Amino acid sequence: AAKRAEKAGFDGVELHGAHGYLLAQFLSPVLNKRTDKYGGSLQARQKLLFDIIDGIRETCDSNFMVGLRLSPERFGMDLKEILSLSNELMKNNLIEFLDVSMWDVFKDPEEEEYRSRPLLSYFTDLDRRNVRLGVAGKITTPEDIDNALSAGVDWVMLGRAGILHHNYPELLKTDANFKPVALPVSAEHLLSEGLSPSFVEYMKAWRGFVAGSDGFVDNDMILNS
């Protein structure tokens with residue numbers, strides 16, 4: 001897949017090791033029940049990820065970028081293990097960027113032993129070497145962006161904000177005091193921002209996102225199950 005992306009003209013790829021998808025399932029000490037070389041210890045559970053990274057490096061040009069998205073919590077993830085994995089990736093310059101999906105960038109850790117400081121601080125304190133650190137999670141206003149960057153990350157990622165305003169970066173560039181539209185929004189607004197009708201129907205499942213829809217999942221907890 002990385003080779004096809006390279007041939008298509010992309011500068012790099014991001015491996016999805018978050019949100020309970022396949023690589024996250026291998027990393028999880030709760031979900032990974034394997035008894036072979038890909039299960040058991042953290043070193044074994046992260047082997048598939050390292051194998052894929054090695055394969056991309058062997059297959060693609062040396063200038064082709066490789067990034068990784070991780071969830072530090074939920075889906076059976078252990079914060080200590082995710083920090084250890086992140087540190088190993090950075091120490092050995094195995095990736096160009098790390099994308100940490102935190103659900104809420106400014107939250108405290110869920111694990112009791114780590115609640116003495118914000119979750120984000122555990123990642124900004126890592127010795128990143130040449131690896132860039134990005135974060136996602138409830139970043140919706142210009143103030144949120146400034147606060148995240150001030151905390152020490154290299155860039156931020158916009159999910160819901162980009163759904164609400166397809167040209168969010170341009171709006172912010174034009175007006176530093178730009179204020180995103182408040183939730184809930186109408187289906188018509190989402191259609192005008194370029195969402196397809198089927199995507200709008202999907203967004204109606206996010207409680208509090210689309211006006212006039214009940215929703216059955218809190219929009220900041222959509223991937224918690």
Side-chain angles (χ1 to χ4, degrees), residues 10-12 14 16 18-19 65 67-74 79 82 86 90 95-110 114-126 128 130-196 199-200 202-213 215 217-224:
F10 287 93
D11 298 315
E14 179 180 65
H16 203 332
H19 301 172
M65 294 187 296
L68 172 66
R69 168 165 268 206
L70 290 176
S71 298
E73 299 178 325
R74 305 183 186 181
L79 179 56
I82 294 300
S86 300
M90 292 172 172
I95 57 177
E96 274 72 44
F97 63 92
L98 178 66
D99 162 8
V100 185
S101 182
M102 296 187 175
W103 315 105
D104 182 343
V105 169
F106 308 109
K107 72 186 293 294
D108 291 331
E110 293 181 2
Y114 295 102
R115 287 183 182 169
S116 60
R117 55 195 177 102
L119 177 60
L120 178 58
S121 67
Y122 288 95
F123 290 89
T124 55
D125 280 355
L126 291 172
R128 288 175 242 174
N130 297 317
V131 178
R132 300 293 186 177
L133 175 66
V135 291
K138 271 193 171 181
I139 299 174
T140 55
T141 68
E143 183 180 10
D144 292 337
I145 295 173
D146 288 341
N147 289 338
L149 293 174
S150 296
V153 302
D154 296 304
W155 85 95
V156 299
M157 284 155 292
L158 305 176
R160 280 163 290 191
I163 292 173
L164 294 171
H165 297 282
H166 74 277
N167 58 339
Y168 190 110
E170 288 298 328
L171 293 171
L172 182 57
K173 183 178 179 180
T174 303
D175 179 7
N177 296 314
F178 161 69
K179 297 296 183 184
V181 62
L183 293 174
V185 296
S186 67
E188 289 73 23
H189 170 81
L190 295 176
L191 290 168
S192 72
E193 289 294 330
L195 273 68
S196 67
F199 195 175
V200 173
Y202 166 72
M203 295 309 300
K204 289 180 180 180
W206 294 36
R207 187 175 296 125
F209 204 96
V210 182
S213 60
V217 182
D218 290 334
N219 66 64
D220 61 337
M221 302 279 283
I222 189 72
L223 294 171
N224 192 30

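Model, not experiment: these values are computed from the prediction. Throughout, numbering of the chain's residues begins at 1 and tracks the sequence.
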Subject >> Shortest non-hydrogen contact from V153 toward A148 >> reply: CG2-O, 3.2 Å

Original post:
How would you list, by chain and number, every residue that makes a side chain to side chain donor-acceptor pair (under 3.5 Å) with R132, sequence neighbours excluded?
Top reply: none

Original post:
Is there a side-chain contact between V210 and S186, using heavy atoms and a 4.5 Å cut-off?
Top reply: no

Original post:
Just how far is it from atom CE of M157 to atom OG of S101, taken to the nearest 0.5 Å?
Top reply: 7.5 Å

Original post:
Looking at residues at least two apart in the chain, or sitting in another chain, which of them share a side chain to side chain donor-acceptor pair (under 3.5 Å) with S192?
Top reply: none

Original post:
Which atom names give the shortest non-hydrogen contact between A187 and V200, and what distance separates them?
Top reply: CB-CG1, 3.8 Å

**OP:** Find the distance between OG1 (T140) and NE2 (H165) and round it off to the nearest 0.5 Å.
**Re:** 9.5 Å

Subject >> Within-4.5 Å side-chain heavy-atom neighbours: L70 and D99 >> reply: no

**OP:** Check the pair I163, L195 against side chain to side chain contact (heavy atoms under 4.5 Å, CB included), reporting the backbone distance first and the verdict last.
**Re:** CA-CA 8 Å; I163 292 173; L195 273 68; 3.8 Å; yes

Subject >> Derivation and outcome, side chain to side chain contact (heavy atoms under 4.5 Å, CB included), residues K138 and R160 >> reply: CA-CA 8 Å; K138 271 193 171 181; R160 280 163 290 191; 3.4 Å; yes

Original post:
Are the charged groups of R115 and E110 less than 4.0 angstrom apart, N to O?
Top reply: no

**OP:** Give a yes or no on this: more than 12 heavy atoms of other residues, nucleotides or ligands lie within 6.0 Å of atom CZ of F178.
**Re:** yes

**OP:** Of all the heavy-atom pairs spanning A161 and I139, show the shortest one and how long it is.
**Re:** CB-O, 3.8 Å

Original post:
Excluding sequence neighbours, so at least two apart, what forms side-chain contact (heavy atoms from CB on, under 4.5 Å) with L172?
Top reply: P142, I145, Y168

**OP:** Report the distance from atom CG of L158 to atom CG of D144, rounding to the nearest 0.5 Å.
**Re:** 9.5 Å

Original post:
Which distance, rounded to the nearest 0.5 Å, do you find between the CZ of R74 and the CH2 of W103?
Top reply: 5.5 Å

Original post:
Between L164 and E193, which heavy-atom pair has the shortest distance, and what is it?
Top reply: O-CG, 3.2 Å

Original post:
Between D108 and R117, is there a salt bridge with N-O shorter than 4.0 Å?
Top reply: no

Original post:
Taking only residues two or more places apart in sequence or in another chain, which ones pass side-chain contact (heavy atoms from CB on, under 4.5 Å) with D146?
Top reply: none

Subject >> Residue pairs involving residues 136-162 (criterion ring-ring contact (aromatic ring centres under 6.0 Å, His included); sequence neighbours excluded) >> reply: F97-W155

Original post:
How about E14 and L68: do any of their side-chain heavy atoms sit closer than 4.5 Å?
Top reply: no

Original post:
For S116, which residues count as a side-chain contact (heavy atoms from CB on, under 4.5 Å) partner, sequence neighbours excluded?
Top reply: Y122

Original post:
Which heavy atom of K107 sits nearest a heavy atom of E73, and at what distance?
Top reply: NZ-OE1, 2.8 Å

Original post:
Hey, are N147 and S150 close enough side-chain-wise for a donor-acceptor pair under 3.5 Å?
Top reply: no

**OP:** Could you check R128 against F123 for side chain to side chain contact (heavy atoms under 4.5 Å, CB included), going step by step and ending with a plain yes or no?
**Re:** CA-CA 9 Å; R128 288 175 242 174; F123 290 89; over 6 Å; no

**OP:** Looking only at non-hydrogen atoms, find the nearest pair between S71 and A18 and report the distance.
**Re:** OG-CB, 3.0 Å

Subject >> Option from T174, D175, N167 for which side-chain contact (heavy atoms from CB on, under 4.5 Å) with L171 holds >> reply: N167

Original post:
Roughly how far, to the nearest 0.5 Å, is CG of L126 from CG of L98?
Top reply: 8.0 Å

Subject >> Atom pair CZ (F106) and CG (L119), whose distance is rounded to the nearest 0.5 Å >> reply: 12.0 Å

Original post:
So H19 and H16, would you call those rings parallel, tilted or perpendicular, with 30° and 60° as cut-offs?
Top reply: perpendicular

**OP:** Evaluate the side chain to side chain contact (heavy atoms under 4.5 Å, CB included) criterion for residues V131 and E96: first the C-alpha distance (whole Å), next the side-chain angles of each, then the deciding distance (0.1 Å), finally the verdict.
**Re:** CA-CA 5 Å; V131 178; E96 274 72 44; over 6 Å; no

